[in-house]
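Worksheet: one structure, shown below.
Chain naming here is simple, since letters A, B, ... match the order of the sequence lines and numbering starts at 1 in each.
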There are 2 protein chains.
Amino acid sequence: MVTLAEVARHAGVSASTVSYVLSGKRTISTPTRERVERSIRELGYHPNAGARALASSRSHIIALMMPLRTEMYLPVMMEIAIAVATTAREHAHDVLLLTGQEGPEAARRVVGSGLADAMILMDVELEDQRLPLVRETSRPSVLIGLPSDTTGLTCVDLDFAATGRLCVDHLARLGHRDLAVVGEAAAVYERRTGFAERTVRGVRERADELGLRVLHRPCDGSYESVAGTLARIFDERPGTTGLVVQNEAAIEPLLSLLRQQGRAVPEDVSVVAVCPEQVAAGTSVALTSVAIPAQQMGRLAVESVMAMARASAAGGDAEPVEPRVELLPPALTVRASTGPAPAARRAG
Amino acid sequence: MVTLAEVARHAGVSASTVSYVLSGKRTISTPTRERVERSIRELGYHPNAGARALASSRSHIIALMMPLRTEMYLPVMMEIAIAVATTAREHAHDVLLLTGQEGPEAARRVVGSGLADAMILMDVELEDQRLPLVRETSRPSVLIGLPSDTTGLTCVDLDFAATGRLCVDHLARLGHRDLAVVGEAAAVYERRTGFAERTVRGVRERADELGLRVLHRPCDGSYESVAGTLARIFDERPGTTGLVVQNEAAIEPLLSLLRQQGRAVPEDVSVVAVCPEQVAAGTSVALTSVAIPAQQMGRLAVESVMAMARASAAGGDAEPVEPRVELLPPALTVRASTGPAPAARRAG
DNA sequence: GTGAAAGCGCTAACAT
DNA sequence: ATGTTAGCGCTTTCAC
C-alpha cells in the first residue's frame, strides 16, 4: 500500500507538503505541486480513509437512513437515494446506506463512532423515534419529510398541503364540484407519516373555500382494493367527476377500471395524480399531475447538510446556518387526464 | 468524545483489555469483562471508526456499486440494496452506496483508500469496465449479474436461461405452439447487460427442442410502445397464444391492451411474466410468473463476499474460497394468466 | 488473564 | 512556500 510518506519521499518533499497539495489548505508553488501530483499518479497513491478520518475527525461520509417501512413507494425512495449519492459526491462525500432493521440505534452508532459526519433521514414520522438523537447530536442532520414538531430541525419536503390545494384549484377551474381523493394505504395514515394527511388537509381546505365536496378514501395498490374504493366513491357520490390520486400503485388499476366501467377520462371523470413525472407520463392516459420532486429533495437535503457542516467547521467565523423547514412548491402539469366537468350531472 | 482510554481508566484496566473485551479476541475473566462493559455503557462509549480502521486495516464497510444506467427497473435494484444492507449488518458491516456518475473510478477510489474492504457490483455488463479492477484487487468482490467472461470472478444471478426454458415448458405443456417474447427496451440489449439475452436464448433453445415458434420483440415500458409491439406480434403471427414478458413496466399496459382488443387472458392469450412476486400478484390479472429473487440475490452476494473476507483474513489457515458463479434456480408460480391454448387456431 | 508500548497513515499546529 | 512533529484512538505484538 502506497502511503503519503512514500509519495513525499518520491517527490522529494515533506509529508505535510503532500498533505497540503491534497487538501489545498495552503499555497504550494506550481513546480512543487506538479512534482507531487506526478508522484501521486506514478505511485498510484490513494489517501487512506481511516487515517484521514482519525486525524481530521471528518469521515467525509453522510449517513442516509431509510427505515423502509411498509407501503412506501420504492422508486421514489430510490430516486432520492440516487440524488443524495450524486450530490454528495459533488461535495467529495460518500453515502452510507442505513435501513430500518436496526432501529434508531443505527443513527446513534454511526454518529457516535464518527463513521458519518452528517445524517439525512427519510421516511420521517410525525413522532419520529430518531428525533431525540437528531436534536441532541451536534452532527448536521436533515430530515426529508416533516415531523409534527419541527423546532430546531432542518427539513426538506414537498409542500403537500399546497399540492392538495393546487389539485383542487385545477379541478374547480374546470367546473368540477364533487371530488374524491384516492389516498395511500390505510397503513400509511396509521403510521402517521404526515405527508398523506397534509395533502388531504390541503384538498379539504381549498374545497371548503370554494364550496366543493370531497370524499377521502385510503386505498392500497391492489386491483381489488382500487375496485372497491371506486365502487364506494361512486356509490356514495354518483356525481363525482374529479379524482385526486396519491398512490402510485393505484394509478394503472384505477385507469383500467374506469375504462371498464365506461367512464371516459377525461370526458366523464378527470384524474389528477400526485406522483413522479415519469409515472404520470407513462400511463395509458397521460396524467395531469403534481410531480414528486424526488431528485430535488435529495439534492437539497445534501446541500443543506453540507452548508451546516461547513458552518460548524468554520467555527464562529461563518454565520451558523439556522435550522429551517424548506417546503418545495408544487407544480401541476396539465396532461390528458383532466378536462371540463360534464355539463349534465345529478345533484350527487 | 469518549475514548477507549477513558473507558479503561474508568474500569481500572488497561486499554488493551478494553479492546479485547470489544473484539473477543482473547479470553477475559468474567468480572473484568463485566466491569468494562459497565463502564462502556455508563460512559456511552462508541469505538471510533476511523481509528479502528486505521489500526486494523479493516473498515467494516462493503461498497455497493449500482451504476443505474437507463431503463433499469428501480424497485428490483432497491430491493437488492435493502437486502444487502440488512445482511451486511448481520455481519457487523455497513454499506456504502456508490452510484454511476463517477464511473469505474469510484471502485478504485473506494478500494484504494481502504474505505471499503469488499465490493458488490450491480448492473453488470458483458464487458464491464470495472472487471479489470475487480480482477486485480485483492479485495473480496461479488458481481450481481454475469459478464461474458467469468474467469476468476464470483457472481450471483438468477439463472435466466433456465428461466426462459421454464416459461416455454409451462406454455408448451398447456398446448401453446406460437410464442412471443415481449422483452426489455432495446437500450438494455444494446448495453449488453446479458440477462435479457440469456432469457431469450433459454426461450429459443427450449422452443427449438419442442418445435415451437418464437418471436422476440424488445419493448420499452410506454403504453404506445407496448401497443406497437403487440400489433406487430399479432400481425406477423396471428396465431400467437403465448406471451413471455420480461419488462415490468410493460405488464399493465399489456394486460390493458389485450383486454381492449378483446383478447381474454388466459382464454385467448396466456401470459408468463419474469418479474418480482409483488408485481405479479398485484396486477389486474394475477400473473403466472418466474420471480426475480431480489432479496435472495442481495443476501447471497453479501454472504459470499463475507466468506471471502473471512478466508483472506484467516490467511493460509482456512481454505480459500474459490471464485464461483452461483445461478439461482428459477421458480415458476402458476397464477391466473395462463391456461390451455385455445383449441381452434389458424396456422399462423 | 492482563499490561505496556509500538505503530497504523494522516492532519494541523508550530516552526522557519 | 515548505519542513518538523505531535498526536488522532485503536489494535496487536511482546512481555509477564
Has [X] got more than 12 heavy atoms of other residues, nucleotides or ligands less than 6.0 Å from its [atom1]?
| X | atom1 | value |
| --- | --- | --- |
| B/E42 | CD | yes |
| A/R38 | CZ | no |
| B/E105 | CD | yes |

Next on the checklist: With each end axis built from five pairs of C1' atoms, what bend angle do you get for the helix from C/dG1-D/dC16 to C/dT16-D/dA1? Round to 10°.
Outcome noted: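 Overall, the helix from C/dG1-D/dC16 to C/dT16-D/dA1 bends by 30° from one end axis to the other.
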Checklist entry - What pair of heavy atoms forms the shortest contact from A/R130 to A/V124, and how long is it? => result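 Smallest heavy-atom distance, with atoms named: NH2-CA, 3.8 Å.
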Next on the checklist: Quick check on side chain to side chain contact (heavy atoms under 4.5 Å, CB included): which of B/I80, B/L143, B/I144, B/V156 does B/I120 satisfy it with?
Outcome noted: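 Result for side chain to side chain contact (heavy atoms under 4.5 Å, CB included) with B/I120: B/I144.
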Item to check | C/dG1 phosphate, OP1 or OP2, under 4.0 Å from B/T17 side-chain N/O | outcome: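 B/T17 to C/dG1 OP1/OP2: no side-chain N or O under 4.0 Å.
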Next on the checklist: Please determine whether side chain to side chain contact (heavy atoms under 4.5 Å, CB included) holds for the pair B/L68 and A/M78, giving the CA-CA distance in whole Å, both sets of side-chain angles, and the decisive distance to 0.1 Å.
Outcome noted: CA-CA 10 Å; B/L68 294 167; A/M78 187 74 179; 3.9 Å; yes
Item to check | Whole angstrom value for the distance that separates P of D/dG9 from CG of B/L43 | outcome: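 Result: 14 Å.
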Checklist entry - In whole angstroms, how far is the C1' atom of C/dC8 from the CD atom of A/E6? => result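 The answer, rounded to whole Å, is 13 Å.
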Next on the checklist: Assess the residue pair B/M66 and B/L97 against the criterion (side chain to side chain contact (heavy atoms under 4.5 Å, CB included)); give the C-alpha distance rounded to whole Å, side-chain angles, the decisive distance to 0.1 Å, and a yes or no.
Outcome noted: CA-CA 8 Å; B/M66 25 175 153; B/L97 184 67; 3.7 Å; yes
Next on the checklist: Output one letter per nucleotide in nucleotides 9-16 of chain C: B when a protein non-hydrogen atom lies under 4.0 Å from the base, S when only the sugar-phosphate is that close, - when neither is.
Outcome noted: BBSBBB--
Checklist entry - Would B/S14 and B/T17 count as a side chain to side chain donor-acceptor pair (under 3.5 Å) if you check the C-alpha gap in whole Å, the side-chain angles of each, and the deciding distance to 0.1 Å? => result CA-CA 5 Å; B/S14 73; B/T17 299; 3.2 Å; yes
Checklist entry - Heavy atoms under 4.0 Å, any strand shown: does B/T32 hit a base, just sugar-phosphate, or nothing? => result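 Sugar-phosphate only.
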